K.L.:
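Input: one structure, supplied below.
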Number of protein chains: 2
Amino acid sequence: MNPAAANIEEAILSAILAGRIDPGTRLGEQKLADLFGVSRTRVREAMMRLETRGVVQVSARRGWYVVEPSAEEAREAFQTRRVIETGLLQAVRGVPPQVLASLKEHVAIEREAIQTGDVSSRACLLGDFHIHLADALGNRLLTEIIRDLTARTTLISMLYQPTEKAEESSHDHEDIVAAMEAGDLALAARLMDEHIGKVEAGLDLTARPDPLAGLRELLSPSTFAGNAPSVPHAHSHPHAHSPSGKPED
Amino acid sequence: MNPAAANIEEAILSAILAGRIDPGTRLGEQKLADLFGVSRTRVREAMMRLETRGVVQVSARRGWYVVEPSAEEAREAFQTRRVIETGLLQAVRGVPPQVLASLKEHVAIEREAIQTGDVSSRACLLGDFHIHLADALGNRLLTEIIRDLTARTTLISMLYQPTEKAEESSHDHEDIVAAMEAGDLALAARLMDEHIGKVEAGLDLTARPDPLAGLRELLSPSTFAGNAPSVPHAHSHPHAHSPSGKPED
DNA sequence: GCTTACAAACTTGTATACAAGACTGTAAGC
DNA sequence: GCTTACAGTCTTGTATACAAGTTTGTAAGC
């Protein structure tokens, strides 16, 4: 794998995991090429790899876009995560002490980030818990799969999650680790199942998948004299800004 | 995704699943381009996607090769399959009758292929069982993951499996389906775990990963007068023939 | 004023040319 | 006879040029 292309791939994926790139963000080849100081060829390579991993999509001759999973795709992603993560906890025989220690430490960091109100890192940390779990209990292959899936569910949360319940999630993580420490992996698996179920249930899958939804509601009851106002009906995020204030141009 | 590139990707992946391409097979860009009637660009695209999926690897300026998983990678692949497939069986609440019917039919086809001695299709069918299961009980995302993993384990079996126990595998499948029919998903999961464990245990992970292993044994004890005989010490399969007799050039 | 047609700019899609490195075969030197 | 150096061939790596399609902005017509 190319170092440069791998960098782009990794950079984009981890930015998504950190919640620093919104779903629907347009990723122009030339812009990325300039940004990373490589040629379009490399960028395309990275994009195609990310497409295979289900993180971006290409719209013919319009550009690459961070995926905006549909409601069904969201359900699939959560079901898949449930299957794999509960499967992992149940397949494992025992949990080594050092794994427990590192997971506990991770939860502690989560809580700290929540208490200090560090919004930007907490989303990243909450997803990271699951990735760490896979890494500690499973293997590299499994970790990679979970990582890609977590990227998806992160994007899904950004699309459909009305209110973020960071505290609750972190508490769930704590309970799961506690069950693991008690040696009750079956309980840990059930808690994990419930945890992922809770996150999924917290979504409003009837909402967002198109950016005009909000507008439609807005002008559906009252105004209907003229037709739709001049709103760009493009692919949701016309100019790809970074929410965390990182300059991208 | 490009139709042409997707074809190449799909063609190679299903050929691997069917056991028609050996691990270590060299896949030259130009050769594939000629074969599929497309340009190298497209072939590269497909190859990079397959690389992301863990099916092929590129060796710098030498070519693309179907992966030859190491012993550790083999263990990872089997562990991952165990986690996911037992997780699936345990996550599912009930098994719809039509799913049961289609699985039973699949097992019947397996047995028939075994009894008629249809070697070429039986390897494919045995792997297909797991893919069908994921498709019937899970979702498309899960199926894709299982498919890629099955491709890996198929290659692993080709590398490390001294004797193929097709009958036993098919019998295992039958037992799993029976447990599902009885509504005992926990039993089904345990049987699946044992089944995958058996396949893994049937491997000789101390053997093959390099094609010279056989030679080394051959000349290590007795002959040591002259040095190594003139054997091409290339990357295992110098001219990529198709075992099932399909013309490739 | 509103719609529609057209043109210009922009973006990806694709092929091709060339560069860089790896392998093989041959010949020279010890 | 054996080793080593070298050249030729083959293969991928990379960039670039151009083709094709999409979007946006503008102006003409109703």
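Chain naming here is simple, since letters A, B, ... match the order of the sequence lines and numbering starts at 1 in each. Quantities reported herein were computed from a predicted structural model and do not represent experimental measurements.
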K.L.:
A:Asp34 CG to C:dT11 C1': how many Å, rounded?
P.N.:
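Between C1' of C:dT11 and CG of A:Asp34: 13 Å.
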K.L.:
Once you apply the 3.5 Å cut-off to both distances, tell me the Watson-Crick or G-U wobble partner of D:dT23, or none.
P.N.:
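The answer is C:dA8, by the H-bond criterion.
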K.L.:
When the nearest nucleotide of DNA chain D is assigned to A:Ala60 and to A:Arg40 on a heavy-atom basis, which residue is associated with the more 5' position?
P.N.:
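Upstream on the strand: A:Arg40.
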K.L.:
Could you state the CZ-P distance from A:Arg26 to D:dT22, rounded to the nearest angstrom?
P.N.:
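So the two atoms are 14 Å apart, to the nearest Å.
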K.L.:
Using the rule given for side-chain contact (heavy atoms from CB on, under 4.5 Å), can you reason through B:Leu13 versus B:Val55, listing the C-alpha separation, both sets of side-chain angles and the distance that settles it, and then say yes or no?
P.N.:
CA-CA 8 Å; B:Leu13 188 68; B:Val55 174; 3.8 Å; yes
K.L.:
Please check the phosphate of D:dG13 (OP1 and OP2 only) for any side-chain N or O of B:Arg44 closer than 4.0 Å.
P.N.:
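Indeed, a polar side-chain atom of B:Arg44 lies that close.
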K.L.:
Hunt down the Watson-Crick or G-U wobble partner of D:dC18, both distances under 3.5 Å, from any strand shown, or write none.
P.N.:
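Across all strands, the one nucleotide that pairs with D:dC18 is C:dG13.
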K.L.:
Please pick, from D:dG13, C:dT12, D:dA15, the nucleotide with the shortest atom-to-atom distance to any side-chain atom of A:Ser39.
P.N.:
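For A:Ser39, the side-chain atoms sit closest to D:dA15.
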K.L.:
Tell me: CH2 of B:Trp64 to C1' of D:dC10, nearest whole Å?
P.N.:
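Result: 17 Å.
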K.L.:
Rounded to whole Å, how long is the line connecting atom CE of B:Met48 with atom P of D:dT12?
P.N.:
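B:Met48 atom CE is separated from D:dT12 atom P by 13 Å.
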K.L.:
Please confirm whether the shortest side-chain N or O distance from A:Arg62 to OP1 or OP2 of D:dA20 is below 4.0 Å.
P.N.:
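No.
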K.L.:
How many Å lie between CD on B:Gln57 and C1' on D:dT11, as a whole number?
P.N.:
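For the pair B:Gln57 CD and D:dT11 C1', the rounded distance is 18 Å.
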K.L.:
I need the CD-P distance between A:Gln30 and D:dA15, as an integer number of Å.
P.N.:
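Those two atoms, CD and P, are 12 Å apart.
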K.L.:
With respect to the side chain of B:Arg61, which nucleotide from C:dG13, D:dT14, D:dT12 is positioned closest?
P.N.:
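Of C:dG13, D:dT14, D:dT12, D:dT12 is nearest to the side chain of B:Arg61.
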K.L.:
Under the side-chain contact (heavy atoms from CB on, under 4.5 Å) test against B:Leu50, which residue among B:Val56, B:Val67, B:Leu27 passes?
P.N.:
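One option only clears the test, and that one is B:Val56.
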K.L.:
Under the side-chain contact (heavy atoms from CB on, under 4.5 Å) rule, what do A:Arg152 and A:Arg147 come out as? Steps first, then yes or no, please.
P.N.:
CA-CA 9 Å; A:Arg152 282 196 208 216; A:Arg147 207 167 126 89; over 6 Å; no
K.L.:
Among the nucleotides C:dG13, C:dA22, D:dA15, which one has an atom lying closest to any side-chain atom of A:Val58?
P.N.:
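Nucleotide nearest to A:Val58's side chain: C:dG13.
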K.L.:
Please round to the nearest 0.5 Å and tell me the distance separating atom CD of B:Glu85 and atom CG of B:Leu142.
P.N.:
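CG of B:Leu142 is found 9.0 Å from CD of B:Glu85.
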K.L.:
Ring-plane angle category for A:Phe129 and A:His106, please: parallel below 30°, perpendicular beyond 60°, tilted otherwise.
P.N.:
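The rings of A:Phe129 and A:His106 sit tilted, inter-plane angle from 30° to 60°.
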K.L.:
Please work out if A:Thr41 contacts a base, only the sugar-phosphate, or nothing of the nucleic acid, heavy-atom cut-off 4.0 Å.
P.N.:
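Answer is base: heavy atoms of A:Thr41 come under 4.0 Å of a base.
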K.L.:
Tell me the interatomic distance from B:Glu29, atom CD, to C:dA22, atom P, rounded to whole angstroms.
P.N.:
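The distance from CD of B:Glu29 to P of C:dA22 comes to 16 Å, rounded to the nearest Å.
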K.L.:
In whole Å, what is the span from the CD atom of B:Glu45 to the P atom of C:dT14?
P.N.:
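After rounding, the reported distance stands at 7 Å.
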